[in-house]
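Below, read A as the first sequence line, B as the second, and so on, with proteins coming before strands; counting in each chain starts at 1. Note that these values count all heavy atoms, side chains included, but never hydrogens, waters or copies made by symmetry.
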Amino acid sequence: MRNRLRTVWELSLHDTKRHIRSQRMLILAPLVIFLLCAACWGFADSRIVPAGLTVNSPADVLFLSSTSIVFICTLSVVLLGFDAISRRRLTGELAMDLSQPMPRSDYACSQLMGVWMAAMVPTTIGILVGAFLIQRQMGEWPAFADLAMFLFATGLLLWWYTSLQLLASSLARDVGASVTLGVGTWLFFVFLWLIPTLIIAQSMGVDVTDTTSLAFDQIQEKTDLFSPNGVYQLLMETRLASASQPHLSPNYIWLSALAWFVIPTMLFLKRIEHMRP
Amino acid sequence: MKDEVHGRAKAMLELRSATFRYPVRRPQRFRPWATSPGPGIRGIDLTLSTGSILGLVGPNGAGKSTLLQVMANLLPLEDGQLSVDNASTPEACRAAIGYMPESVTWNGPGTAGQAIERLCTMRNIPSNEGHELLDLVGLDSRSGDDLSTFSQGMKQRLSLAAALLGNPQILLLDEPLNGLDPVAQSAFRTLLRQLADRGASVVVSSHTLSDLERLADEFVLMHHGRIVANGPLAEIERDLGLRATLEIAGLGKAPISFGDGIEAEEIPLHEGEEWAFHLHLEKGEWTTKRRTELGPEITFTRLQPVPAGLETVISAATGLDIEDAGFSILSEVDSDA
């Protein structure tokens, strides 16, 4: 078992390095780091925070900065992982990989970890530099627990997107289909998720013209459990002051986080188990 | 049908009634995802023995790559059995096998050294073993170069090094000569012979018989996913009733006749030659005795057997016309539906 874990770890390190050396990473990494730093710097300055938003503590800044994670870091996972399986399948490298004496489930895990760790490198750098910028702006460091939660929730979000993207990449018959599946999933959860939320609220008799009402808020939290971005936001909200905390029990949020971790990962593992190169 | 390649040593890999067919999409009105079994391999019985080189030959779409992938444990058997010597798990089977897929287009990013080290990790072997194999295939000086700068021949050599990782007892090579220059092809043949002499069981696929005639000990001819003939090439040709042909050319006066049961056919001359023929035997083989009997006084510049072309052999084995033997593959899916 120990030997298997070591092999998975070493192979994922190989793949992480390969993704980090890729040309697209040269473009994505500066963008991710810059956007995270800019968000932390900007939201920490009370003079330039958009109207309607109140920032009282570094935890609030981290929460607001998480919007940039949802936009750019999840997209970076999609762009790093869209051809992780599909291109190797087309070039014959997947056949070479799958003919090695390594259990396919271990191979699948290493592929997931390879893309995930590559996406986490610029994200972690951005978050840590962002924490430093928050201290420069507010004269106060984010609490260790808040920062750890921010990193952990971000790590979970990127893992969910990694497993979804690699599943799409393994299902797609060509690289174009893989991009379409990945970007389509990203678009749906980032930009279109409000539509199903509104439809559900409307069908349950909630006034959808008042999105600040308690009833709409409660419906939105429940539907958010079915979206990775929604669960991420709910996880981040658990670190806010009590007035801004979600109405849902944290148990449901963590259960949903666990389900998002387990289900796409298992689907990808199963897919690789039965995949024809 | 039972087709066995009898080796001179113990069996390393055995296939019994192996069947695998690719699912082909056949959308129906209310079942757009419906599939039906398409081309693949059916009822294959095959035994690979230690120390032998087996040539797997057939036209495009005959099922050669599928058979290799089944043997490499990459495709699940729909029916039948696969057993590899002393291996009880799929991982143990794959540890005993080195597989080289057809034309891997190593894309990178990364170097040849990094690509081979990655595979060493997957095989749990030290990375210096990978570098030694890069040296063996003549890529040591290029191991630090980006894969995007590699020619097709270099990529083939890298694939061969990858297939040799872990000193596998069974080597499955899919069209390995594609893209190699003649010098590399010759070195490749020598290397494979050395590996077979050390006890490895080697399977090499090709769609041209001439690629393998100087390499393989025995041949398996595939058509429509089935083995249509197997054994040494001369035996196959004899069994199929193909006439043995000898190519001769020489200097001086051209022989007028070559004896009973021999049909002569004039062929184009090479530089410096004064006559050249193809001699077809109506029966039997061109033994050394028969060749000597052609005439001790004749000065030959060429005297070599001419193997039958793949299309001729396939045509003879299947009873189809040469054109039909090639293009009937396309109708395979329809006939299965």
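Side chains of A:P277 and B:Q69 form a contact here, defined as non-hydrogen atoms less than 4.5 Å apart. Residues A:P101 and B:T89 form no side-chain contact, since every pair of their non-hydrogen atoms from C-beta on lies 4.5 Å or further apart. Contact check for B:L119 versus A:M96: side-chain heavy atoms found under the 4.5 Å cut-off. Looking at heavy atoms from C-beta onward, A:R276 lies in side-chain contact with B:Y22 at the 4.5 angstrom threshold. Proximity of B:Q114 to A:R21: side-chain heavy atoms (C-beta onward) are separated by under 4.5 Å at one or more points. For the pair B:N124 and A:R6, the minimum side-chain heavy-atom distance is below 4.5 Å.
Contact of B:L74 with chain A is made through backbone and side chain together, with heavy-atom distances under 4.5 Å. Both the backbone and the side chain of B:S159 come within contact range of chain A, judged by heavy atoms closer than 4.5 Å.
Of the possible polar contacts, one joining the B:R94 side chain to the A:Q100 backbone as a donor-acceptor pair under 3.5 Å is found.
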Trace of the side-chain contact (heavy atoms from CB on, under 4.5 Å) decision for A:D15 with B:R118: CA-CA 8 Å; A:D15 287 338; B:R118 183 176 176 277; 2.8 Å; yes

Criterion side-chain contact (heavy atoms from CB on, under 4.5 Å) on B:E117 and A:H14, from CA distance to verdict: CA-CA 9 Å; B:E117 280 170 17; A:H14 272 289; 4.0 Å; yes

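For B:Q81, the CD atom counts as loosely surrounded, since its 6.0 Å shell holds 12 or fewer non-hydrogen atoms of other residues, nucleotides or ligands. Summarising the local packing, CD of A:Q23 is surrounded by 12 or fewer heavy atoms from other residues, nucleotides or ligands at distances under 6.0 Å.
Across every non-hydrogen atom of A:T7 and B:T121, the tightest pair is CG2-O, 3.3 Å. Here the closest heavy-atom approach between residue A:S99 and residue B:R123 is recorded as O-NH2, 4.2 Å.
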